[in-house]
**Student:** 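This structure is in structure tokens; I'll ask about it shortly.
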Amino acid sequence: MKEGGIKPDVVTYNTLIKGYCKIGKTRKATEMVREMEVINLEPDVVTYMTIMQACYSEGDVDCCLSLYHEMEDKGFQVPSHCYTLLICGLCKTGKVLEAYALFENMLRNGCKGNKAVYTALIDCYGKSGNSDGALRLFERMKMDGIEPDEVTYGAIVNGLCKSGRLEEALGYFRFCNENAVVVNAVFYSSLIDGLGKAGRVDEAEKVFDEMAEKGCLPDSYCYNALIDGLCKCGRIADALVLFKRMECDGCEHTVYTFTILISELFRVHRNEEAVKMWDLMIDKGITPNVACFRALSIGMCLSGKVARACKVLDELAPMGVVLETAYEDMIGALCKAGRVKEACKLADGIVDRGREIPGKIRTVMIHSLRKAGNADLAIKLMHSKIGIGYDRMRSVKKRVKFQTLVDN
DNA sequence: TTAGGGTTAG
């Protein structure tokens, strides 16, 4: 800064930092804080909160925590919103105990709980299987003078459904209907999913129809939950009808829709239709993920089409889709089905083509055999030279193949 | 002339 020029103050820096955060340059924003310290300009609460907000948006809870500790060390008055971000961040990552501890801190330091914090905590308790804890927080929230809304009720119902407490979930649904709490599609999808998973798909269908009547359009979550429920009850024909209707109603199919149907079609041995589903998905430009390919590859492997599964996987790479655990899933599925010979053949093929490090495939084979209850072969593999001692400079022929494990 | 949060999936 030039002598006699106007020196930037903390507000100038905060504005600049906010700008960097806005364009996603959080690191640069953090560097600005160090720059401030160099020119003896103290960052203030707004500085910290601006960066913390950016870290929160990026899902970096550790960064939020260290900023919080830095604020505490400096003796700053920690604002309520800081606790909110930390608690919500911890809840998102499933750290229910840490989140609750911070909630206690928040209250101890004179801040009041709010809707977001209570809802996040209720959701986190529910997801960790502690619905009673969630309900206790729900009561405390009301005692605290904070009115639960459709999001809070959504979290409560989702938690209850996930722990099989359907009747109580339905009770809250009735309560909302009777007390003018207009529930949203998220709420409905949790309920439809819960009913479907509990084998009460008729009721799930009723709820699905009811929501449209009430002016709440079902979204892809609702469709997928009902399609899944219909499949689980063996009503695949109805699931396929709904699959068609979904598109007609203007609701996009998702990778979840296809995964549900591909799994189910393979399960009932309608293998070619399952493969057609996959092709349809690719044609529609929907990117498969690990779980979707797992459904396809396991189905193919168990119907004797291991090479075909490998071919599909190879076709994905040029599309920019890299599925880390694809081979592990296939080897695991074959071992689980007792088809160790095919698993070994697959393992050799993967290594022969240089697709994976031999040592990794060896570990996968040992784990898969053990998991499938075939401890004898797992131990035999462990004490053998199979799959190790191979490098690219040597002839592939010298390597001991996985197949020798089951040859004699 | 600066910081703003919560719920749904195979």
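Numbers restart at 1 for each chain; the letters A, B, ... are given by sequence-line order, proteins then strands.
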**Student:** Pairs of donor and acceptor atoms involving the side chains of residues 219-227 of chain A, under 3.5 Å and at least two apart or interchain, shall be tabulated with distances.
**Tutor:**
unit_1, atom_1, unit_2, atom_2, d
A:D219, OD1, A:Y221, N, 3.2
A:D219, OD1, A:C222, N, 3.1
A:Y223, OH, A:D249, OD2, 2.7
A:N224, OD1, A:T257, OG1, 2.7
A:N224, ND2, A:S220, O, 3.2
A:N224, ND2, A:T254, OG1, 3.1

**Student:** Looking at every strand, decide which applies to A:K162 at a 4.0 Å heavy-atom threshold: base, sugar-phosphate, or nothing.
**Tutor:** sugar-phosphate
**Student:** Determine: side-chain N/O of A:K92 to OP1/OP2 of B:dT7, distance under 4.0 Å, yes or no.
**Tutor:**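 It does not, given that no N or O in the side chain of A:K92 lies less than 4.0 Å from OP1 or OP2 of B:dT7.
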**Student:** From the set B:dA9, B:dT2, B:dG10, return the single nucleotide nearest to any side-chain atom of A:V255.
**Tutor:**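 Within the option list, the nearest is B:dG10.
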**Student:** Is there a donor-acceptor pair closer than 3.5 Å between any side-chain N or O of A:D228 and the backbone N or O of A:C231?
**Tutor:**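 The answer is no, because no donor-acceptor pair under 3.5 Å joins these two groups.
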**Student:** Taking only distance into account, with no hydrogens and no angle test, what donor-acceptor pairs under 3.5 Å do side-chain atoms of residues 318-328 of chain A form with protein atoms, sequence neighbours excluded?
**Tutor:**
unit_1, atom_1, unit_2, atom_2, d
A:Y327, OH, A:R355, NE, 3.0

**Student:** Is there a donor and acceptor pair, one atom on the side chain of A:T152 and one on the base of B:dG6, closer than 3.5 Å?
**Tutor:**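 Result: at least one qualifying N/O pair found.
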**Student:** Keeping A:T119 on the side-chain end and A:A116 on the backbone end, is there a donor-acceptor pair under 3.5 Å?
**Tutor:** no
**Student:** Taking atom P of B:dG5 as reference, at what distance in whole Å does atom CE of A:M49 sit?
**Tutor:**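 So the CE-P distance, A:M49 to B:dG5, works out to 10 Å.
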**Student:** Can you say whether a donor on the side chain of A:D193 sits under 3.5 Å from an acceptor on the base of B:dG10, or the other way round?
**Tutor:**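 Answer no: no donor N or O sits under 3.5 Å from an acceptor.
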**Student:** With a 3.5 Å cut-off and heavy atoms only, can you find an N or O donor on one side and an acceptor on the other between the side chain of A:S190 and the base of B:dT8?
**Tutor:** no
**Student:** Is the base of B:dG5 touched by the side chain of A:N114 through a donor-acceptor pair closer than 3.5 angstrom?
**Tutor:** yes
